[in-house]
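Here is the structure we will look at, set down as structure tokens.
Chain A is the first sequence line, chain B the second, and so forth, proteins listed ahead of strands; every chain is numbered from 1. Just so it is clear, the values below take in all heavy atoms, side chains as well, and ignore hydrogens, waters and symmetry mates.
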There are 2 protein chains.
Amino acid sequence: MAESHRSGRNVALTAPERSAGSRHTRRTTLATIAASAGVSVATVSKVVNGRADVAAGTRAVVEELLRRHEYVPPSVRRAAGASTTVELLISGPFGVYSTQVIEGVVQAGAETGTSIVVGSLDDHRQPGFAPQGWARRLVGAGRAGVIVVTGALTGGHVTALALAGVPLVVIDPLNMPGAEVTSVGSTNFAGGMSATRHLLDLGHERIAYVGGPPSSGCNQARLHGYRAALENSGITSRPEYVANEDFAYDVGRRAGGRMLDLAARPTAIVGGCDTIAIGIMEAARVRGLRIPEDVSVTGFDDTELSTMTSPPLSVIRQPLREMGRVALKSVLQLAAGDALDSHHVELATELVVRGSTAPPPDL
Amino acid sequence: MAESHRSGRNVALTAPERSAGSRHTRRTTLATIAASAGVSVATVSKVVNGRADVAAGTRAVVEELLRRHEYVPPSVRRAAGASTTVELLISGPFGVYSTQVIEGVVQAGAETGTSIVVGSLDDHRQPGFAPQGWARRLVGAGRAGVIVVTGALTGGHVTALALAGVPLVVIDPLNMPGAEVTSVGSTNFAGGMSATRHLLDLGHERIAYVGGPPSSGCNQARLHGYRAALENSGITSRPEYVANEDFAYDVGRRAGGRMLDLAARPTAIVGGCDTIAIGIMEAARVRGLRIPEDVSVTGFDDTELSTMTSPPLSVIRQPLREMGRVALKSVLQLAAGDALDSHHVELATELVVRGSTAPPPDL
DNA sequence: CTGAAAGCGCTTACAG
DNA sequence: CTGAAAGCGCTTACAG
């Protein structure tokens, strides 16, 4: 007992004892924390269990120590294997996009011995989604971290999670998060640019863009990439050639259709994602326009869909599986208390030319 | 202590005390089991931890009691919420099919407070996939049950899981499992039949079928549904009009293409799944055949893909989300020790007519 | 608000 | 093989 008191004291203001000694680093116990903080085990127990009868000052000190020593309550500790669990939250309906991200996260999970619990962000939007309760549930369930796909979390949720000490990584965030949120994306700007560049190289000049939500960070980047490419070629983009609504098939069909009905109709359209592009293809087909002879179309993502269209879709490939893998490794790193090289990482996009793009008609 | 001994004894040969008394049913502890078995807590602890130094007879008695009282070791017990966790294993690459199943399972999980851990069956096929170790891992990780999607588990895995007491439900099993495996599917025979019926009703007589693995139960049912519909109309199916290879786009393209190159080419093709159907559409397009004017094509599944093709695909809808929901509820029921009405359930398929089917040419 | 003390559920080294 | 005993990590009712 005296022994543990002493070692506790030594450690109080330095990093936890990890490094030295046996590989088997004993788990931090309440006793260690109590000794470091100079309070009783009972008090530490109360802090851990969120009891009210603890002085604010005491609580703060103990909480800090719990964090520093990475205390894990036994209810959260797993059996023998003690496998780590990360929660992966998908926003919106599950589809071709999310399935690839899930696959990447699950793959990386298998490699690192991490269990991936998949959930829907929308479900949580229901009753029990108040920030604090949400964070508490995740902690209570022993999640080592959380990955959110394409979601728009409120600041409240982000801070609740941070306070609870649960690391968060967002994939392709809809709202461009600040430095306090770690995120993984792809080079959307470069992607938008190279799709457009590809069409310019084919000889197109009347190039339109149909994209997702105007507020979405990744869509903005793609749109501006499109604009930059046009400007580089000395072409000013016409407002009627640009639509930003949603990442959906129907948007491609309607907005794309509108543009194809224009007197000066575009000879090529950059789709903000694969589903939009496919909607555009359908709009063209309905109007008796052939792809790629009359109109060229590009997608963005390279989901399962893009090889199955007629003709197969030329796309900007987003490495969705790899993004999932990087996201998992990042939460794991954060959970281990390691610093990340950067709070935001972008993986490279890549142009994949298939059958939906060709030189413009009458060239 | 005497108290707990006594109540333990009372319970020994009857069902656990669940029913009576407070809603809050105290967890079974080693002490209860020890009292029931008439051995010490230490001995029970050894059995739970798989120590070797316990007589076989003693071990058997204690194990039986542990099972009867549904003892859950604290390392497995979750915090407050004590949320149940079910493992969902996907075989093969994640795609439009699995994403809908996952969504259904996750939805039902959210409703029942169950966490869904998603994994790949193929990963587990690697090193550590020996039946016993596999089952032990799942038990150790505290999984209440396992759902396998479209996988072909070996008998060894099924029995290892059964011995470990972890319930298993298979969705759309590739190998038709016996009564010892619970499974969820859809009315594939009826589906194959109504797709074919639909084409017959439109006036087609030269109808082909391109499907998945010959050994796959669901494919067999679909194929035989196709045959039954033809026979009902007094048409004998020609062997060159039938191909069973795999549920893949390329199969549709190649096998479908082969049939479309036939001197007496079919005027309609039933696809064994959506991706096959889309492959067939592409094969037609490449040959300058229009859909549905020259060839009609049907899909099977009603995945995200089917509304996005040009023209949109007429399909047999499989209620994949609902199948996922039913699977989850079934494992949960099994985990609770309740009996299922049937070890195999099939949900209804449904014909959804879209744009890829029409009367045959020259009619 | 704090902590000594009693207690719980579990494990393990060791005597028999 | 078995279990009494010591011990661990945690919680909680209660005295101060």
*Say whether, by atom type as modelled, one donor and one acceptor occur between the side chain of A/Ser342 and the main chain of A/Val345 under 3.5 angstrom.*
no
*Position toward the 5' end of DNA chain C (nearest nucleotide), A/Thr58 or B/Asp53*: A/Thr58
*Measure from the side-chain heavy atoms of A/Ser40 and tell me the nearest of C/dT11, D/dA4, C/dG3.*
C/dG3
*In terms of side-chain heavy atoms of A/Thr29, which of C/dT12, D/dC10, C/dT11 is nearest?*
D/dC10
_Inter-residue atom distance A/Thr84.OG1 - A/Ile116.CD1, 0.5 Å rounding_ = 9.5 Å
*Would you say B/Thr43 reaches D/dG3's phosphate, i.e. side-chain N/O to OP1/OP2 under 4.0 Å?*
yes
*Looking across every strand, which nucleic acid part, if any, lies under 4.0 Å from A/Ala55 by heavy atom: base, sugar-phosphate, or nothing?*
sugar-phosphate
_C/dC10 phosphate, OP1 or OP2, under 4.0 Å from B/Ser45 side-chain N/O_ = no
*asked:* Only Watson-Crick and G-U wobble pairs with both distances less than 3.5 Å should count. Give DNA chain C in dot-bracket notation, marking inter-strand partners with |.
replied: |||.||||||||.|||
*Look at B/Arg51 and C/dT12 and indicate whether a side-chain polar atom (N or O) is within less than 4.0 Å of OP1 or OP2.*
yes
*When you compare C/dG3 with C/dG7, how far apart are their C1' atoms, in angstrom units rounded to a whole number?*
16 Å
*Using a cut-off of 4.0 Å on non-hydrogen atoms, how would the nucleic acid contact of B/Val39 be classed: base, sugar-phosphate, or nothing?*
sugar-phosphate
*Got B/Val101 and B/Ile171 here, is their nearest side-chain heavy-atom distance under 4.5 Å?*
yes
*Exam field: side chain B/Ser91 to backbone B/Thr150, donor-acceptor pair closer than 3.5 Å*: yes
